[in-house]
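This structure is a prediction, so every number in the text was calculated from the model and none was measured. Residue numbers count from 1 along this sequence. Counting starts at 1 for both ligands and their atoms, following the listed order.
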Amino acid sequence: MTGHPLLPTDAPVSLLDTAETAIDGELAVELYRRMVLARRFNRQATALTLQGRLSVYPSSAGQEAVAAAVTLALAEEDWLFPTYRDTAAVVLRGVDPVQAVTLLRGDWHHGWDPGAHRVAPLATPLATQTAHAVGLAHAAALAGDDLAVLALIGDGGTSEGDFHEAVNLAAVFRSPVVFLVQNNGYAISVPLSRQSAAPSLAHKGIGYGVPGVLVDGNDALAVHRVVDEALTRARRGGGPSLIEARTYRIDPHTNADDATRYRADEEVAEARRRDPLPRLERHLRERGLLDDATVRAASVAAEALAAVLRDRLADEPRPDPADLFTHVYATTPPHVAEQRRVLTGEAGR
Ligand SMILES: Cc1ncc(C[n+]2csc(CCOP(=O)(O)OP(=O)(O)O)c2C)c(N)n1
Ligand SMILES: [Mg+2]
């Protein structure tokens with residue numbers, strides 16, 4: 001299927017476990033450090049759902065290579081458009097961890113100032129963030145701002161009309177935007193084979209006139225390289241790109257999901273053997289780029305992040321369920337008033 005410049009390579013771009021020796025050690029260690037933070041954040045946030053401190057948490061465990069690579073590749077003036085699964089990336093981008101989980105606590109607002117960090121709100125309606133990303137990128141291009149926009153999306157999200165409209169519009173206007181599909185194998189219980197018949201999700205790019213890049217999403221160095229190239233191209237007026245990062249969602253869809261109902265334990269065990277974090281650690285240690293002291297320091301920083309989330313959430317007042325109704329209607333219709341009455345009655349029991 002290769003041959004046309006817009007088509008991806010058959011095999012995902014990969015740098016780890018290949019013969020390549022020219023590795024930027026400093027960059028690789030920073031990727032490792034970020035992945036350790038993201039992994040610990042995922043574990044802590046999942047634990048907080050068990051205590052009722054978070055209402056829901058869509059974990060990105062297994063996908064930390066993407067969060068680390070993307071946040072390192074983005075320049076300060078660039079923008080990140082995340083999905084509900086990308087809280088760890090939002091935190092790595094510099095958003096306060098408690099603010100980052102506001103929505104996931106069941107609060108009615110999303111928690112941080114998007115302009116301050118150039119991070120859009122976590123998008124739950126699938127693929128809507130891709131259209132918003134193109135809007136911002138197009139506006140920036142018209143204003144002559146030197147920036148690029150990166151929109152994250154899931155494999156399932158690529159079936160949405162919004163994704164089609166966003167990539168098409170970006171291609172026509174050559175907007176400085178990079179679409180990065182985290183193909184983690186599932187859209188809740190729906191496997192990729194029931195989602196798309198395309199040879200790869202990166203192949204979708206050619207239909208819009210956008211280059212498609214297929215990358216090993218469990219290889220932080222490779223993801224960093226392709227994202228960095230795509231962002232640089234976008235900033236220079238080279239137009240949008242579509243990147244598919246092949247990875248795996250190790251945890252259930254959220255804490256409310258029982259993934260054993262639709263996938264075999266052996267499949268998850270196999271995915272764990274390709275876990276991006278120990279893989280990078282092994283690779284760096286074998287090359288003498290990572291020592292015990294650096295590993296310990298990364299772990300200490302991750303524990304500190306977990307403690308901040310744990311301690312500060314324990315002090316946060318719990319959102320009032322009745323707030324659900326507060327900012328929806330200027331004049332509350334009778335059926336909504338009835339729902340509020342039922343809910344507050346239940347809450348009072
Ligand atoms: C427009 C829309 N339709 C349906 C849903 C319900 N929904 C939430 S997550 C999800 C699966 C999305 O899968 P994918 O895009 O692969 O992302 P992942 O959860 O795997 O990160 C669905 C169908 C939604 N949030 N928005
Ligand atoms: Mg998915």
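A salt bridge links E30 to R34: at least one charged side-chain nitrogen sits closer than 4.0 Å to a carboxylate oxygen. In summary, E244 and R246 engage in a salt bridge, as defined by a charged side-chain N under 4.0 Å from a carboxylate O. Taking a cutoff of 4.0 Å between a charged side-chain nitrogen and a carboxylate oxygen, D228 and R233 do not qualify as a salt bridge. Under the 4.0 Å criterion applied to side-chain N and carboxylate O atoms, E281 and R285 are assigned as salt-bridge partners. In summary, E77 and R118 do not engage in a salt bridge, as defined by a charged side-chain N under 4.0 Å from a carboxylate O.
Shown in contact with T124 at under 4.0 Å from a heavy atom are these atoms of ligand 1, numbered in order with element: 24 (C), 25 (N), 26 (N). If you number the atoms of ligand 1 from 1 as listed, the ones under 4.0 Å from a heavy atom of P125 come out as 26 (N). For ligand 1, the atoms closer than 4.0 angstrom to any heavy atom of I188 are 10 (C), 11 (C), 22 (C). Those atoms of ligand 1 that come under 4.0 Å of a heavy atom in H253, given as number and element, are 9 (S), 19 (O). The G156 neighbourhood of ligand 1 comprises atoms 14 (P), 15 (O), 16 (O), with distances under 4.0 Å to a heavy atom of that residue.
A donor-acceptor contact closer than 3.5 angstrom is absent between the side chains of R105 and S55. Residues T254 and D257 bring no donor and acceptor atom of their side chains to less than 3.5 Å of each other. Side-chain contact, D219 with S14: a donor N or O sits under 3.5 Å from an acceptor N or O.
Closest to atom 9 (S) of ligand 1 among all protein heavy atoms lies Y84 OH, 3.2 Å. Regarding atom 15 (O) of ligand 1, its nearest protein heavy-atom neighbour is G157 N, 2.8 Å.
Of all the heavy atoms of N184, the ones lying under 4.0 Å from any atom of ligand 1 belong exclusively to the side chain. Of the heavy atoms in A187, both backbone and side-chain atoms come closer than 4.0 Å to ligand 1. Only the backbone of Y186 comes within contact range of ligand 1, with a heavy atom under 4.0 Å; no side-chain atom does. The proximity of Q195 to ligand 1, defined as any non-hydrogen pair under 4.0 Å, does not occur for either the backbone or the side chain.
The Mg ion (ligand 2) has Y186 among its coordinating residues (N/O/S atom, backbone or side chain, under 2.8 Å). Not one N, O or S atom of N183 sits under 2.8 Å from the Mg ion (ligand 2).
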How far apart are the C-alpha atoms of Q195 and D155, what are their side-chain angles, what is the distance that settles it, and do they pass the side chain to side chain donor-acceptor pair (under 3.5 Å) test?
-> CA-CA 8 Å; Q195 189 70 246; D155 41 294; 5.2 Å; no
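Around the Mg ion (ligand 2), the two atoms OD1 of D155 and OD1 of N184 are separated by an angle of 90°, to 10 degrees.
Around atom 24 (C) of ligand 1, the closest heavy atom drawn from L126, N183, V190, D162 belongs to L126.
Between R85 and ligand 1 there is a heavy-atom distance shorter than 4.0 Å.
Protein heavy atoms are found less than 4.0 angstrom from atom 22 (C) of ligand 1.
Without hydrogens or angle criteria, D311 side chain to V308 main chain gives no donor-acceptor distance under 3.5 Å.
Between H117 and W112, the ring center distance fails the sub-6.0 Å criterion.
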